[in-house]
Amino acid sequence: MGFAENAKDALDATGQKISRTFEDTKDRIEDKVDEIKADAEVKRAEAGVKHAEAERDATKATNDFKEDLREDT
């Protein structure tokens, strides 16, 4: 009985180790996915800021041009 009992304990320990390893791997993958999503959100925000700045600059240039035309008349 001692051998069978030791084998059962070893199998249980191995099963628990595999389960923990699987959970750890799953958590690491989920963490990486969250990290990638956060990076993508930052890039979208940066692109939005750049677009807004370009719109602002274009509007200022248009307004400056119109003002120059008004002064010439």
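Given the structure is predicted, the values throughout are model-derived calculations rather than measurements.
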Visitor: According to salt bridge (charged side-chain N to carboxylate O under 4.0 Å, His left out), who are the partners of R28, at least two apart in sequence or on a separate chain?
Guide: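 R28: no salt bridge (charged side-chain N to carboxylate O under 4.0 Å, His left out) contacts found.
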
Visitor: Checking the side chain of T14 only, and the main-chain atoms of A10 only, is there a donor and an acceptor separated by less than 3.5 Å?
Guide: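 A pair under 3.5 Å: yes.
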
Visitor: I need the single residue from T62, N63, D64 that forms a side-chain contact (heavy atoms from CB on, under 4.5 Å) with K60. Which is it?
Guide: D64

Visitor: Any non-hydrogen side-chain atom of K17 less than 4.5 Å from a side-chain atom of R20?
Guide: yes

Visitor: What I want to find out is whether E67 reaches R70 closely enough, with some N-O distance under 4.0 Å, to be called a salt bridge.
Guide: yes

Visitor: With the side chain counted from C-beta on, respond yes when D68 and E71 share a heavy-atom pair under 4.5 Å apart, and no when they do not.
Guide: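 Counting from C-beta outward, D68 and E71 do come under 4.5 Å.
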
Visitor: Test: salt bridge (Lys or Arg N to Asp or Glu O under 4.0 Å). Region: residues 31-40. Which pairs qualify, not counting sequence neighbours?
Guide: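 Listed by first then second residue: K32-E35.
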
Visitor: Any salt bridge linking R44 with E41? Criterion: basic side-chain nitrogen under 4.0 Å from a carboxylate oxygen.
Guide: yes

